[in-house]
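Take a look at the structure set out below.
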2 protein chains.
Amino acid sequence: MPTPNHNETVPDEMLANERDIRAKLGDRPFDFDSLHVISNIYRAAAAIRRRAEREVLSDYSLSWGGFTILWVLWIWGEMETANLAAECDLAKGTLTGMVSTLEQQGLVERERMASDRRRVTVSLTDEGRNTIEEVFPAFNAFEADMSANLDTEEKRLAAGLLRRIITRHDEPS
Amino acid sequence: MPTPNHNETVPDEMLANERDIRAKLGDRPFDFDSLHVISNIYRAAAAIRRRAEREVLSDYSLSWGGFTILWVLWIWGEMETANLAAECDLAKGTLTGMVSTLEQQGLVERERMASDRRRVTVSLTDEGRNTIEEVFPAFNAFEADMSANLDTEEKRLAAGLLRRIITRHDEPS
DNA sequence: GCCGGATAGTTTGGTACCGAACGAATGGCG
DNA sequence: CGCCATTCGTTCGGTACCAAACTATCCGGC
């Protein structure tokens with residue numbers, strides 16, 4: 001019968017570990033609903049990243065972070081390092097190394113800005129653009145597969161709920 | 001007006017980057033709903049982990065993974081390495097190093113099984129138990145804060161939707 | 001008994017990632 | 001002009017993490 005989560009104790013369907021947690025700690029005044037949301041977000045993200053790197057990105061010698069950089073540059077075009085780091089949700093120090101890797105692979109290029117020589121812009125090379133145009137459809141198909149247990153409405157709902165967690169706290173570094 | 005996601009084009013509220021993606025790629029046949037779910041899961045997870053390590057775990061010199069190990073051992077008690085790795089969602093090789101770190105910190109201990117000397121069990125020391133009993137309430141408060149924009153019903157809904165993504169594909173290593 | 005395949009954990013080699021410290025460049029204010 | 005606080009990107013030291021190679025142990029068949 002489709003009546004999940006119908007009371008305030010234990011929802012009908014839980015992962016095995018969620019049940020065990022209630023069994024162990026259920027008598028203590030913890031916030032189990034928050035616990036399950038947060039830990040499920042993390043588990044889902046880890047599964048997504050692992051599968052993506054193994055099943056999609058490795059074919060193109062891209063890491064998750066490398067793919068993200070290409071993707072961001074593809075959507076937004078040339079960006080300076082600081083904005084790119086923020087958009088990729090990476091520390092700027094991390095970005096430096098990953099851009100260097102992509103640069104060696106010939107997928108992006110750096111350029112110092114003439115107006116302010118501290119700043120550096122990063123942009124896709126032609127090869128980088130070809131790569132992301134080839135990889136992204138495969139990646140998007142992977143995303144669809146990964147979320148195939150949800151229908152469209154549920155995906156939007158989930159995206160919206162997550163958005164409200166993300167927007168609450170988002171100072172990357 | 002509270003009518004989010006009311007049509008099949010662009011939902012009312014989106015993150016800035018979500019809007020930009022539609023603007024750039026909206027005319028191509030990609031699955032944007034899947035894209036947004038997956039990328040929001042990942043962004044949320046990254047924000048959660050970063051904040052947790054900075055604001056909660058660093059006070060106890062614990063990494064995210066180290067905390068997870070203590071937590072799992074606290075809930076389930078003594079475990080052998082392979083099960084512990086699966087439960088913590090880590091590759092077994094990764095676990096070896098992190099258990100060694102925790103062992104040096106005096107928080108867990110290893111023991112070879114008498115019946116099968118290949119196997120090793122890991123359990124909390126008294127100090128480890130004290131640590132997790134002290135850290136977890138702070139961590140749980142953090143989880144509550146992190147998800148404070150959702151009410152109880154929404155947390156359960158989100159946890160359930162995520163569960164359906166997790167259960168679809170979960171062979172960690 | 002012992003040999004060979006299977007299995008549990010560890011080691012190894014490499015990337016990713018962070019935070020903090022650093023060095024170059026800038027721009028305002030004297 | 002010339003200092004100096006600020007703001008860039010990079011570098012550095014350290015952990016975390018994975019996949020694959022390796023080691024030790026176990027167990028079934030001869």
Side-chain angles (χ1 to χ4, degrees), chain A residues 42-43 45-55 57-69 79-86 88-105 108-122 171-173, chain B residues 42-43 45-55 57-69 79-86 88-105 108-122 171-173:
Chain A
Y42 196 78
R43 289 184 92 84
I48 289 164
R49 178 174 176 152
R50 236 188 337 255
R51 284 225 326 153
E53 289 188 334
R54 261 206 304 241
E55 300 177 19
L57 302 177
S58 68
D59 293 347
Y60 304 88
S61 305
L62 288 175
S63 67
W64 178 275
F67 168 77
T68 305
I69 292 170
M79 290 182 84
E80 36 183 298
T81 304
N83 299 336
L84 183 55
C88 294
D89 208 23
L90 293 171
K92 58 185 185 170
T94 303
L95 192 81
T96 295
M98 297 181 54
V99 167
S100 299
T101 301
L102 291 172
E103 204 175 22
Q104 284 174 346
Q105 293 175 293
V108 305
E109 53 194 1
R110 274 187 245 244
E111 190 175 1
R112 289 210 100 78
M113 290 178 63
S115 60
D116 183 342
R117 303 193 51 71
R118 288 171 304 181
R119 304 190 189 189
V120 171
T121 59
V122 183
E171 336 89 291
S173 73
Chain B
Y42 196 78
R43 291 185 90 84
I48 289 164
R49 177 174 177 154
R50 238 189 333 258
R51 284 227 325 153
E53 289 188 333
R54 261 204 305 240
E55 300 177 17
L57 302 178
S58 68
D59 294 346
Y60 305 88
S61 305
L62 289 174
S63 68
W64 178 275
F67 168 76
T68 305
I69 292 170
M79 291 183 84
E80 25 182 308
T81 303
N83 298 337
L84 183 56
C88 294
D89 207 24
L90 294 171
K92 59 185 184 171
T94 302
L95 193 81
T96 296
M98 297 181 56
V99 167
S100 299
T101 301
L102 291 171
E103 205 174 22
Q104 286 173 345
Q105 294 175 291
V108 305
E109 53 193 1
R110 276 186 243 244
E111 191 175 1
R112 289 210 100 78
M113 290 177 63
S115 60
D116 183 342
R117 303 191 50 72
R118 288 171 303 181
R119 302 190 190 190
V120 171
T121 58
V122 183
E171 338 87 291
S173 74

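So that the names make sense, note that chain A is the first sequence line, chain B the second, and so on, each numbered from 1.
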Practice prompt. Indicate the atoms forming the closest heavy-atom contact of A:Ala46 with B:Asp89, along with that distance.
Written response: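 Looking at all heavy atoms of both residues, the closest pair is CB-OD2, 3.6 Å.
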Item to complete: Would you name the heavy atoms of A:Met113 and A:Thr121 that are closest together and state the gap between them?
Response: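 Shortest heavy-atom separation between A:Met113 and A:Thr121 comes out as CG-CG2, 3.7 Å.
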Measure [atom1]/[X] against [atom2]/[N] and give the value in whole Å, please.
X: B:Leu57; N: D:dT15; atom1: CG; atom2: P; value: 16 Å
X: A:Asp116; N: C:dG28; atom1: CG; atom2: P; value: 12 Å
X: B:Leu90; N: D:dA19; atom1: CG; atom2: P; value: 11 Å
X: A:Arg54; N: D:dA19; atom1: CZ; atom2: C1'; value: 9 Å
X: A:Arg51; N: D:dC18; atom1: CZ; atom2: C1'; value: 17 Å
X: B:Arg49; N: C:dG19; atom1: CZ; atom2: C1'; value: 14 Å
X: B:Tyr42; N: C:dA16; atom1: OH; atom2: P; value: 12 Å

Practice prompt. Measure from the side-chain N and O atoms of A:Thr68 to the backbone N and O of A:Cys88, and report whether any donor-acceptor pair falls under 3.5 Å.
Written response: no
Worksheet item: Once you round to the nearest 0.5 Å, how far does CE of A:Met98 lie from CD1 of A:Ile69?
Response: 4.0 Å
Fill in: Gap between atom OG of A:Ser61 and atom CD of A:Gln105 - 0.5 Å precision
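Taking CD in A:Gln105 and OG in A:Ser61, the distance rounds to 6.5 Å.
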Worksheet item: Partners of B:Arg110 by salt bridge (Lys or Arg N to Asp or Glu O under 4.0 Å), sequence neighbours excluded?
Response: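 For B:Arg110 the salt bridge (Lys or Arg N to Asp or Glu O under 4.0 Å) partners, ignoring immediate neighbours, are B:Glu103.
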Worksheet item: Residues two or more places apart in sequence or in another chain: which of them pass salt bridge (Lys or Arg N to Asp or Glu O under 4.0 Å) with B:Arg119?
Response: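 So B:Arg119 forms a salt bridge (Lys or Arg N to Asp or Glu O under 4.0 Å) with B:Glu80, B:Asp116.
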Just the atom pairs and distances: protein N or O near nucleotides 5-10 of chain D's N or O, under 3.5 Å.
residue, atom, partner, partner atom, Å
D:dT7, O2, A:Arg118, NH1, 2.7
D:dG9, OP1, A:Thr81, N, 3.1
D:dG9, OP1, A:Thr81, OG1, 3.4
D:dG9, OP1, A:Ala82, N, 3.3
D:dG9, OP2, A:Ala82, N, 3.2
D:dG9, N7, A:Lys92, NZ, 3.2
D:dG9, O6, A:Lys92, NZ, 3.4
D:dT10, OP1, A:Arg110, NH1, 2.8
D:dT10, OP2, A:Thr96, OG1, 3.0
D:dT10, OP2, A:Arg110, NH1, 3.1

Item to complete: Would you please name every residue forming a ring-ring contact (aromatic ring centres under 6.0 Å, His included) with A:Tyr60, sequence neighbours left out?
Response: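 Applying ring-ring contact (aromatic ring centres under 6.0 Å, His included) to A:Tyr60 gives none.
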Worksheet, complete the sentence: Contacts of A:Glu53 meeting side chain to side chain donor-acceptor pair (under 3.5 Å) (sequence neighbours excluded), chain-then-number -> A:Arg49
Worksheet entry | C:dC18 phosphate, OP1 or OP2, under 4.0 Å from A:Thr94 side-chain N/O |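 Result: yes.
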Item to complete: May I ask you to evaluate whether A:Arg50 reaches the phosphate of D:dC18, defined as a side-chain N or O under 4.0 Å from OP1 or OP2?
Response: yes
Practice prompt. Map A:Ser115 and A:Glu53 onto DNA chain C by nearest heavy atom, then report which one ends up closer to the 5' terminus.
Written response: A:Glu53
Practice prompt. Select one nucleotide: of C:dT26, C:dA16, D:dC18, the one nearest the side-chain heavy atoms of A:Arg117.
Written response: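 Selected nucleotide: C:dT26.
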Item to complete: Give, ordered by number, those residues of residues 59-67 of chain B having at least one heavy-atom distance below 4.0 Å to an atom of DNA chain C; if nothing qualifies, reply none.
Response: none
